[in-house]
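A quick note: this is a predicted structure, and the numbers were derived from the prediction, not measured. Just so you know, these numbers use all the heavy atoms, side chains as well, and skip hydrogens, waters and symmetry mates.
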Amino acid sequence: MRVTSVDLVFDGQCGFCTRAVNWILRLDKHSRLRVHPSQRAGVRERFRLSPDDRQEAAWAITPQQRISGAGAINLSLDAALGVSLFSPLYRLPGVRWAQDRIYAWVSSHRYLLRGTVPWCTSRPEDCELAVEGMSCSLPGPSTNPVCSA
């Protein structure tokens with residue numbers, strides 16, 4: 001089944017995540033992918049994501065499914081390229097296991113990995129700074145937000 005469109009929710013305060021999203025968007029020649037930083041007002045409610053959901057993984061959402069982590073990246077690549085290749089590959093024995101572990105490592109180290117200016121830094125009007133009872137500030141154009149309770 002070829003995916004026609006996907007909503008991709010990602011960590012807009014992460015430079016590595018922003019770099020990955022920008023790369024996938026460059027592949028998307030037919031505008032099948034809609035990206036949403038998890039810090040955008042109303043994203044959590046619209047896609048029924050808990051604060052933990054938003055913080056732990058990227059999410060790919062279609063009318064038929066909601067998938068997180070490595071599966072979300074595979075589904076987003078399928079949509080961007082207009083193919084049905086990466087998601088079926090992800091379902092092969094051993095592939096899901098390996099990709100999920102790699103994704104978990106990358107996700108837990110994402111703020112240490114090389115990226116670009118985070119989405120919420122370059123587009124502050126697209127992100128909320130106060131999230132879940134925390135006050136956050138963006139100290140500089142290439143730094144991660146500093147949050148406190």
Side-chain angles (χ1 to χ4, degrees), residues 2-83 85-87 89-90 96 98-149:
R2 190 168 286 173
V3 178
T4 57
S5 68
V6 169
D7 286 289
L8 176 63
V9 179
F10 71 100
D11 181 355
Q13 294 174 334
C14 164
F16 178 81
C17 306
T18 300
R19 180 179 295 258
V21 163
N22 288 338
W23 179 76
I24 293 173
L25 285 173
R26 281 193 298 276
L27 298 175
D28 185 16
K29 305 295 185 204
H30 299 285
S31 301
R32 294 182 187 105
L33 194 63
R34 293 178 301 273
V35 298
H36 311 273
S38 62
Q39 294 80 8
R40 180 182 292 160
V43 164
R44 188 183 74 169
E45 295 80 12
R46 177 179 174 193
F47 297 111
R48 298 181 326 273
L49 299 172
S50 73
D52 287 341
D53 290 340
R54 291 187 330 175
Q55 191 62 20
E56 291 177 12
W59 284 83
I61 300 143
T62 71
Q64 296 81 25
Q65 62 184 329
R66 296 164 40 92
I67 188 166
S68 66
I73 303 308
N74 285 291
L75 187 61
S76 297
L77 284 168
D78 281 349
L81 294 171
V83 300
L85 172 68
F86 296 97
S87 293
L89 180 66
Y90 177 66
R96 177 187 296 251
Q99 285 189 10
D100 285 348
R101 270 133 196 89
I102 292 167
Y103 184 93
W105 185 90
V106 168
S107 177
S108 66
H109 293 86
R110 67 186 183 268
Y111 291 112
L112 302 174
L113 299 173
R114 186 165 183 249
T116 188
V117 176
W119 187 282
C120 291
T121 302
S122 63
R123 299 168 182 89
E125 70 284 352
D126 200 20
C127 300
E128 294 178 316
L129 290 181
V131 179
E132 315 310 336
M134 298 185 80
S135 172
C136 303
S137 61
L138 299 169
S142 62
T143 58
N144 292 320
V146 175
C147 300
S148 58

### Summary
What one should report as the nearest heavy-atom pair of Ala72 and Ala60 is CB-N, 3.4 Å
### Task
With the side chain counted from C-beta on, respond yes when Phe47 and Asp53 share a heavy-atom pair under 4.5 Å apart, and no when they do not.
no
### Query
Side chains of Asp11 and Gln39: is there a donor and an acceptor less than 3.5 Å apart?
yes
#### Entry: Straight-line distance of Ser5 OG to Ile61 CD1, nearest 0.5 Å
11.5 Å
### Query
Of all residues at least two apart in sequence or in a different chain, which pass the side-chain contact (heavy atoms from CB on, under 4.5 Å) check with Leu8?
Val21, Leu33, Val35, Ala58, Ser76
## Note on the structure
Taken in chain and number order and not counting sequence neighbours, the residues that satisfy side-chain hydrogen bond (donor to acceptor under 3.5 Å, both in side chains) with Tyr103 are none
### Task
State, to 0.1 Å, how close Ala79 and Val6 come at their nearest heavy-atom pair, and which atoms those are.
CB-CG2, 3.5 Å
## Note on the structure
Only one of Ile24, Val83, Leu89, Leu85 passes side-chain contact (heavy atoms from CB on, under 4.5 Å) with Leu77, and that residue is Ile24
### Summary
Between the OG1 atom in Thr18 and the CG atom in Leu25, the distance rounded to the nearest 0.5 Å is 10.5 Å
### Least distance between heavy atoms, Cys17 atom then Arg110 atom
SG-CD, 3.5 Å
### Query
In chain order, what residues pass the side-chain hydrogen bond (donor to acceptor under 3.5 Å, both in side chains) check against Asn74, with sequence neighbours excluded?
Gln99
### Message
Restricting to side-chain hydrogen bond (donor to acceptor under 3.5 Å, both in side chains), what partner residues turn up for Trp59, sequence neighbours left out?
### Response
none
### Task
Answer yes or no: is there a side-chain heavy-atom contact under 4.5 Å between Phe10 and Ser38?
no
### Query
Within a strict 4.5 Å, meaning less than it, do heavy atoms of the Leu75 and Gln65 side chains meet?
yes
### Message
Counting C-beta onward and ignoring hydrogens, is there a side-chain heavy-atom pair between Pro37 and Cys127 closer than 4.5 Å?
### Response
yes
### Flag, side chain of Ser108 to backbone of Ala104, donor-acceptor distance under 3.5 Å
yes
### Task
Using the test side-chain hydrogen bond (donor to acceptor under 3.5 Å, both in side chains), find all partners of Ser87 that sit at least two apart in sequence or belong to another chain.
Asp78
#### Entry: Where at least one partner belongs to residues 19-37, residue pairs that pass side-chain hydrogen bond (donor to acceptor under 3.5 Å, both in side chains), sequence neighbours excluded
Asp7-Arg34, Asp7-His36, His36-Arg40
